[in-house]
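What you see below is based on every heavy atom in this structure, not just the backbone, and it leaves out hydrogens, waters and symmetry mates. Numbered from 1 within each chain, the chains take letters A, B, ... in sequence-line order.
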Number of protein chains: 2
Amino acid sequence: MYENKYLSIYEELVEKIQSGQLKPSTKLPSENELVKEYATSRETVRKALTMLSQNGYIQKIRGKGSYVLDVSKYDFPISGLVSFKELAQKMGKPWGTIVNEFALISPDSQLQKQLNVTEKDPVWKVIRTRVMDGEKIILDKDFFNKKYVPILTKEICEGSIYEYLEQDLGLKISFAKKEFFVDETTAEDRMFLDLQDDKHIVVVKNYVYLDNANLFQYTESRHRLDKFRFVDFARRGH
Amino acid sequence: MYENKYLSIYEELVEKIQSGQLKPSTKLPSENELVKEYATSRETVRKALTMLSQNGYIQKIRGKGSYVLDVSKYDFPISGLVSFKELAQKMGKPWGTIVNEFALISPDSQLQKQLNVTEKDPVWKVIRTRVMDGEKIILDKDFFNKKYVPILTKEICEGSIYEYLEQDLGLKISFAKKEFFVDETTAEDRMFLDLQDDKHIVVVKNYVYLDNANLFQYTESRHRLDKFRFVDFARRGH
DNA sequence: GAGTGGTCTAGACCACATA
DNA sequence: ATGTGGTCTAGACCACTCT
């Protein structure tokens with residue numbers, strides 16, 4: 001077996017829901033039926049169903065069953081951690097990346113706080129413009145703790161840094177804290193982006209942690225107002 | 001026993017983390033130790049720890065233990081479903097609500113889609129201005145399916161509608177889908193809010209579902225640019 | 001009463017980290 | 001080798017819905 005049992009059940013059910021084989025507001029097989037179908041124990045089935053519920057695929061109702069939610073209505077895929085490349089590809093848009101700045105720096109006091117490092121810890125600084133449909137709409141300012149990313153090149157930054165980090169370096173991204181707000185545009189924004197007369201810009205600050213709970217990346221992503229959108233699925237209580 | 005065992009373990013650990021009794025980057029007792037401490041089974045302890053992990057309180061590391069995360073750094077509490085009243089109270093700010101419009105209407109075609117109803121289903125329409133520090137900064141446009149909210153009054157709308165829905169009507173809010181973007185200001189915005197010369201406004205669309213998976217509320221919340229902020233904690237993968 | 005999901009148990013084996 | 005968290009099992013009892 002290559003995979004965890006509960007994961008394969010989860011993935012199979014996701015596939016069935018996304019493909020329309022299981023339609024919104026219809027009932028899933030009961031837990032006992034799934035136990036027989038997958039020849040496993042009930043807790044394992046329940047683990048898969050809990051994941052489906054938390055990710056917005058189904059609603060479990062006690063005494064009745066598990067019902068498929070209409071996932072087609074909210075699948076604009078920025079919920080969670082998604083790289084620009086993944087996003088652009090999902091939306092089927094032509095896209096590109098321009099590396100404006102690439103350097104190994106000694107962090108100033110503000111960045112020391114943000115990355116939780118001292119001035120002696122070298123930090124990679126990468127400033128990139130994201131282009132979609134021929135327009136420069138996002139300015140990404142990435143800072144990586146060199147302790148966890150010993151080698152980085154301009155060529156890697158032109159592609160997907162995350163692919164490099166996960167596949168080549170084997171880093172495991174575990175969680176992130178995101179923060180959004182609207183800020184005034186800076187000279188830097190005007191230099192690197194196609195702004196209209198906008199005085200404001202949407203800022204997404206992103207603190208990314210590895211699976212050993214160490215902070216290794218701080219990113220500030222500046223989005224043109226008209227090109228920003230975020231979708232979130234949230235369950236209440238616990 | 002008034003509560004589920006795993007919930008009480010979860011809540012006790014949350015309390016210890018928030019009070020500083022368990023400090024960031026220290027280790028939690030191991031699962032086996034917690035089993036003894038709470039006189040329960042390991043799966044029950046694990047259920048509590050999984051919740052702590054998903055809510056950003058701890059990081060579990062295989063072979064090592066569970067470590068407390070620094071929750072003080074990201075506690076601006078808009079992650080998830082939080083009412084304006086709860087938020088204002090948490091921030092300790094003086095606040096108020098002005099009910100601009102309160103009516104029972106027949107939904108137009110756009111609203112029919114948004115609330116998933118027909119023109120024959122009556123809908124409560126509530127437009128409220130939220131005031132903080134003497135400034136009108138948020139315009140809330142709420143629409144409730146009357147099927148689930150048979151009675152509503154202007155007085156209730158001046159307080160917390162959610163308190164009424166949950167405590168008096170016994171409705172159980174289960175999940176919500178949120179969507180953010182920046183829109184241009186309308187005449188309505190200018191009428192009900194203290195806008196400076198802003199041409200734009202942050203729009204949060206919120207679709208709220210009950211625990212029977214029925215959509216019962218659609219809210220459009222329009223925030224003045226300089227007063228909008230959103231914080232999100234996201235775990236990657238599953 | 002039969003069927004559903006929710007909680008809980010006691011035990012097993014595995015993968016990984018540390019010494 | 002020991003201790004840690006990750007997965008899985010087979011069974012139990014409960015709360016709820018529907019007929």
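Put simply, B:Tyr6 has no side-chain N or O that comes within less than 4.0 Å of OP1 or OP2 on C:dC8. The shortest distance between the side-chain N/O atoms of B:Ser41 and the OP1/OP2 oxygens of C:dG11 is not below 4.0 Å. In terms of phosphate contacts, B:Lys5 brings no side-chain nitrogen or oxygen within less than 4.0 Å of OP1 or OP2 of C:dT7. Distances shown here put every side-chain N or O of B:Thr44 at or beyond 4.0 Å from the OP1 or OP2 atom of C:dT7. Of the side-chain N and O atoms in A:Thr40, one or more sit less than 4.0 angstrom from OP1 or OP2 of D:dT9. Residue B:Arg46 has a polar side-chain atom (N or O) positioned under 4.0 Å from OP1 or OP2 of D:dG6. One finds no side-chain N or O of B:Lys64 lying less than 4.0 angstrom from the OP1 or OP2 phosphate oxygen of D:dG5.
Judged by atom type and distance alone, B:Arg42 reaches the base of D:dG6 through a side-chain donor-acceptor pair under 3.5 Å.
Taking atom CD1 of residue A:Ile58 and atom C1' of nucleotide C:dG6, one finds them 14 Å apart after rounding to whole Å. Note: NZ (B:Lys60) to P (C:dA15) measures 18 Å, nearest angstrom. In this structure, the NZ atom of A:Lys27 is 10 Å from the C1' atom of D:dT17, given to the nearest Å. With rounding to whole Å, B:Leu28 atom CG is found 19 Å from D:dG3 atom P. Taking atom CG on A:Asn4 and atom P on D:dT9, their separation rounds to 11 Å, with Å as the unit. Atoms CG (A:Asp211) and P (C:dA15) sit 18 Å apart, rounded to a whole Å. A straight line from CD1 of B:Ile9 to C1' of C:dT9 spans 13 Å, rounded to a whole angstrom. In this structure, A:Lys36 atom NZ and D:dA10 atom P are separated by 14 Å, rounded to whole Å.
Across all strands, A:Leu49 comes closer than 4.0 Å to no nucleic acid atom at all (heavy-atom distances).
Aromatic ring pairs are classed by plane angle as parallel below 30°, tilted from 30° to 60° and perpendicular above 60°; the pair B:Phe228 and B:His223 is perpendicular.
Considering all non-hydrogen atoms of both residues, A:Pro107 and A:Gln112 come closest at O-NE2, 2.9 Å.
Comparing B:Glu43 and A:Pro29 along DNA chain C, the residue whose closest nucleotide (by nearest heavy atom) sits nearer the 5' end is A:Pro29. Positionally, the nearest nucleotide of DNA chain D for A:Ala39 lies more toward the 5' end than for the other of A:Gly63 and A:Ala39.
In summary, A:Lys172 and A:Glu166 do not engage in a salt bridge, as defined by a charged side-chain N under 4.0 Å from a carboxylate O.
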Does the pair A:Phe216 and A:Tyr209 meet the rule for a ring-ring contact (aromatic ring centres under 6.0 Å, His included), with working shown? CA-CA 6 Å; A:Phe216 93 109; A:Tyr209 294 78; 9.1 Å; no
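The local environment of CD in B:Glu155 is crowded, with over 12 non-hydrogen atoms from other residues, nucleotides or ligands closer than 6.0 Å.
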